Each structure stands twice: as C-alpha cells, then as structure tokens.
Amino acid sequence: MENEELLKKIAENSEKSLKFHRISALCLIGIFCVVLISAINIVPKAQTTINEIYLAAQSSREMVSDAQKTMEKVNEMTASLTDTSDKMNELLVENSGTITESLDKMSKVDFDGLNAAIQDLQDAVGPFAKFMKSFGR
C-alpha cells in the first residue's frame with residue numbers, strides 16, 4: 001500500500017504542478033500580449049517623435065548657419081565702418097589747417113556791411129526792374 005499511496009501523492013503533485021504550469025503559461029501569454037499591444041502602440045509614436053526631433057535638429061543647424069553668416073556680415077560692416085572712420089580722421093587731420101583758415105576767414109566777414117550792400121543794391125536795381133517789367137507786358 002505504500003507504493004499506491006506514494007503513487008497517489010505523486011499523481012496529485014503532478015496534477016497540482018500541471019495546474020500551476022498552465023496558470024504560469026497563461027500569465028506569460030497575457031504578459032506577451034500586453035507587451036505586444038504596447039509595442040504596437042508605442043513604436044509608431046516613438047518613430048514620429050524621433051522624426052520630429054530630427055527635423056528640429058536640422059532646422060537648428062540651418063538657423064545656426066544663418067546666424068554665423070549674419071555675424072560674418074556684421075563683422076564685415078564693423079570693419080568697413082572702422083575703415084571709414086579712420087579715413088575720415090585722416091581727412092580731418094590732413095585738412096585741419098585749411099578748415100581752420102576757412103573758418104577764420106568766414107569769421108572776419110562783415111555780415112552787417114554785406115547786408116547793407118545787398119540792401120543798397122536792391123534799392124538801386126529795384127526801379128530799373130520795375131521799368132523793365134513794364135516793357136515785358
């Protein structure tokens with residue numbers, strides 16, 4: 001009888017083990033299904049996100065390139081302005097004597113006398129201009 005009891009216990013343990021193996025297999029199938037469904041949902045979204053990141057990186061590269069070109073142009077303009085300023089300084093230094101002399105001569109002009117002479121000329125020529133206008137009609 002001992003063998004029969006031992007065989008019964010082995011059969012019961014085998015049935016219990018089979019039951020747990022079936023449950024484990026169903027759980028693994030369930031986990032596989034969840035992972036598969038998640039992958040089906042996540043992979044396209046991840047691919048779209050990666051494509052958008054790539055496009056953003058490409059756009060950033062173009063913007064950096066444009067910014068570098070702009071900075072180069074600004075540097076050229078700065079160099080040009082500096083050169084122009086240096087040339088103007090040279091011109092002023094070379095012509096400072098002439099400019100000072102011209103300003104001195106202008107300050108010595110008698111503007112009151114010049115205005116009086118212009119007024120005298122207008123007074124003298126005015127009647128002649130009226131006389132000539134009468135012939136023009």
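Everything numeric in this text was worked out from a predicted model, so none of it was measured.
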A.B. asks: Just how far is it from atom CG of N75 to atom OG1 of T70, taken to the nearest 0.5 Å?
C.D. replies: 11.0 Å
A.B. asks: If you measure from CD1 on I42 to OG1 on T49, what distance do you get to the nearest 0.5 Å?
C.D. replies: 11.0 Å
A.B. asks: Among all residues two or more places apart in sequence or in another chain, which pass the side-chain contact (heavy atoms from CB on, under 4.5 Å) test with T78?
C.D. replies: V74, T82
A.B. asks: Determine all donor-acceptor pairs shorter than 3.5 Å in which one atom belongs to a side chain in residues 15-40; sequence neighbours excluded.
C.D. replies:
residue, atom, partner, partner atom, Å
S17, OG, H21, NE2, 3.2
S24, OG, F20, O, 2.9
S38, OG, V34, O, 2.9

A.B. asks: With sequence neighbours left out, what residues match Q119 under side-chain contact (heavy atoms from CB on, under 4.5 Å)?
C.D. replies: Q122, D123
A.B. asks: Just how far is it from atom OG of S14 to atom CG of L7, taken to the nearest 0.5 Å?
C.D. replies: 10.0 Å
A.B. asks: Using the salt bridge (Lys or Arg N to Asp or Glu O under 4.0 Å) criterion, which residues pair with D83? Sequence neighbours excluded.
C.D. replies: K87
A.B. asks: Hydrophobic cluster mates of M106, side-chain heavy atoms under 4.5 angstrom, ILVMFWY only, any path?
C.D. replies: none
A.B. asks: Which ILVMFWY residues can you reach from V64 by hopping between side chains whose heavy atoms are under 4.5 Å apart?
C.D. replies: none
A.B. asks: According to the salt bridge (Lys or Arg N to Asp or Glu O under 4.0 Å) rule, which pairs have a member within residues 96-106, sequence neighbours left out?
C.D. replies: E101-K105
A.B. asks: Roughly how far, to the nearest 0.5 Å, is the NZ atom of K45 from the CG atom of N41?
C.D. replies: 6.0 Å
A.B. asks: Could you state the interatomic distance from OG (S134) to NZ (K130), rounded to the nearest 0.5 Å?
C.D. replies: 11.5 Å
A.B. asks: What residues, two or more places apart in sequence or in another chain, satisfy side-chain contact (heavy atoms from CB on, under 4.5 Å) together with I99?
C.D. replies: L92, N95, L103
A.B. asks: Please round to the nearest 0.5 Å and tell me the distance separating atom CD of E94 and atom CD of E90.
C.D. replies: 6.5 Å
A.B. asks: Would you please name every residue forming a salt bridge (Lys or Arg N to Asp or Glu O under 4.0 Å) with K73, sequence neighbours left out?
C.D. replies: none
A.B. asks: Give the table of side-chain donor-acceptor pairs shorter than 3.5 Å for residues 50-61, with sequence neighbours excluded, one pair per line with atom names and distance.
C.D. replies:
residue, atom, partner, partner atom, Å
N51, ND2, Q47, O, 3.4
S60, OG, A56, O, 2.9

